[in-house]
Amino acid sequence: MRAEARALLGPALFSAVMVALLVGLGVWQLRRLAWKEALIAHVESRATSAPVAPPPRDQWASLSPDDYDFLHARVTGRFDLAREALIFSAPPSGAGVEPGYRVIAPFLLEGGGAVLVDRGFLPLSARADETRKREPAGEVTLTGLLRGPQARNLFTPADAPQQGLFYTSDPRALAAYLQLPDAAPFTLELDPAAPAPGLPHVFDHTIELANNHLSYAITWFSLAAAVAGGLGFYAVGRLKQR
């Protein structure tokens, strides 16, 4: 019996370490789940609240995306539609199947500085349509969601600023292309009711924050149970052999 105990000691210690590690990972994912659910609630509250003034110009240099992302904001100023950048985009839900562009234009604030406004979606086939560049008369007030820079990945093509074409929304890169030395570090994604009808077309906001932490936690706990079960089967098999 002592020999059997010694034979099981190594697998038991290894299994105990693995179970503790896997359970720890599962608990960590549950904590991440609580954090992500609180973040989603915060973002939804931010996005659906009444529009407020954006962060002031003297704070722009020190802002991080967490300070403003999805903030429902109101700005007053005038468009400079002589300058424009295009961000290649898949069609939003309800826009059909044709890809196109998100149209970015400078919006010169009444108090100084500029905000890059995402005016909406322009299908590929309508790129040559210049009617979108008709300047609204005088000052206008816009509402929408402030958005931070989009992350790139290994499959994101390189931007082509010489063509005015980009593949992610990076306010600093867009401002450099549009020659805006005093631009906000965020873009304003227009509310659907804000602009006049026509192209570019503004669709409902899409607020998507991935939340897979519960499935990850279940995976780690299941692996812990599998390791413990495997040890049990191994121990029963050894005892039967004896």
Side-chain angles (χ1 to χ4, degrees), residues 1-49 63-72 87-97 99 102 118 121 145-159 166-171 173 185-187 189 203-242:
M1 189 66 180
R2 289 179 180 177
E4 293 300 328
R6 285 195 298 271
L8 290 174
L9 180 60
L13 288 175
F14 174 78
S15 298
V17 171
M18 290 302 298
V19 168
L21 176 62
L22 293 168
V23 169
L25 289 171
V27 170
W28 176 67
Q29 286 294 342
L30 290 179
R31 291 174 179 168
R32 293 280 294 173
L33 173 64
W35 166 80
K36 181 57 72 69
E37 288 177 341
L39 176 62
I40 291 173
H42 173 67
V43 164
E44 290 178 345
S45 174
R46 233 184 202 185
T48 56
S49 296
L63 290 176
S64 71
D66 289 341
D67 296 324
Y68 58 77
D69 209 15
F70 291 105
L71 179 69
H72 197 197
I87 301 174
F88 186 80
S89 175
S93 177
V97 298
R102 290 160 54 200
D118 184 341
F121 180 77
L145 300 186
L146 301 187
R147 298 304 318 275
Q150 282 184 308
R152 304 181 73 90
N153 59 44
L154 293 174
F155 304 102
T156 305
D159 295 331
F166 295 79
Y167 290 90
T168 61
S169 177
D170 181 344
F186 44 76
T187 58
E189 185 181 289
F203 290 87
D204 291 335
H205 298 298
T206 300
I207 301 176
E208 293 182 353
L209 295 175
N211 186 10
N212 300 314
H213 298 295
L214 180 59
S215 62
Y216 294 156
I218 292 172
T219 299
W220 292 126
F221 289 138
S222 298
L223 288 173
V227 170
L231 176 64
F233 280 117
Y234 175 73
V236 169
R238 288 297 298 254
L239 292 174
K240 284 183 177 180
Q241 288 179 1
R242 182 175 179 278

Hey, does Phe221 have a side-chain heavy atom less than 4.5 Å from the side chain of Leu30?
yes

Between the main-chain N or O of Pro185 and the side-chain N or O of Tyr68, is there a donor-acceptor pair closer than 3.5 Å?
yes

Within the structure provided, determine whether Phe186 and Arg147 are in side-chain contact (heavy-atom separation under 4.5 Å).
no

Might you work through the side chain to side chain donor-acceptor pair (under 3.5 Å) test for Arg102 and Ser89, ending with a clear yes or no?
CA-CA 6 Å; Arg102 290 160 54 200; Ser89 175; 5.4 Å; no

Measure the acute angle between the ring planes of His213 and Trp35, then classify it against the limits of 30° and 60° as parallel, tilted or perpendicular.
perpendicular

Might you point out which heavy atoms bring Pro171 and Thr187 nearest each other, and give the distance in Å?
CG-CG2, 4.0 Å

If I take atom CD1 from residue Ile218 and atom CG from residue Leu223, how far apart are they, to the nearest 0.5 angstrom?
12.0 Å

Greater than 12 external heavy atoms within 6.0 Å of Arg152's CZ:
yes

How far apart are the closest heavy atoms of Asp66 and Arg46, and which atoms are they?
O-NH2, 3.1 Å

Which atom pair, heavy atoms only, marks the closest approach of Pro99 to Pro91?
CA-CD, 3.8 Å

Has Thr219 got a side-chain atom pairing as donor or acceptor with Ser215's backbone, closer than 3.5 angstrom?
yes

Side chain to side chain, Gln150 and Asp170, heavy atoms closer than 4.5 Å
no

From Ile40 CD1 over to Phe70 CZ, what is the distance, rounded to the nearest 0.5 angstrom?
10.5 Å

Rounded distance (nearest 0.5 Å) linking atom CG of Leu13 with atom CG of Leu231:
10.0 Å

Atom pair CZ/CG of Arg32 and Asn212 - distance to nearest 0.5 Å
11.5 Å

Taking all non-hydrogen atoms of both residues, which atom of Asp69 and which atom of Gly148 are closest, and how far apart?
OD1-N, 3.0 Å

Below 4.5 Å, heavy atoms only, C-beta onward: do Thr168 and Ile87 meet side chain to side chain?
no

Mind checking the NE2-CD spacing from His72 to Glu189? Nearest 0.5 Å is all I need.
10.5 Å

Under a 4.5 Å cut-off applied to non-hydrogen side-chain atoms, are Leu214 and Glu37 in contact?
no

Distance col, row Trp220:CH2 vs Leu22:CG, nearest 0.5 angstrom, shows 6.5 Å

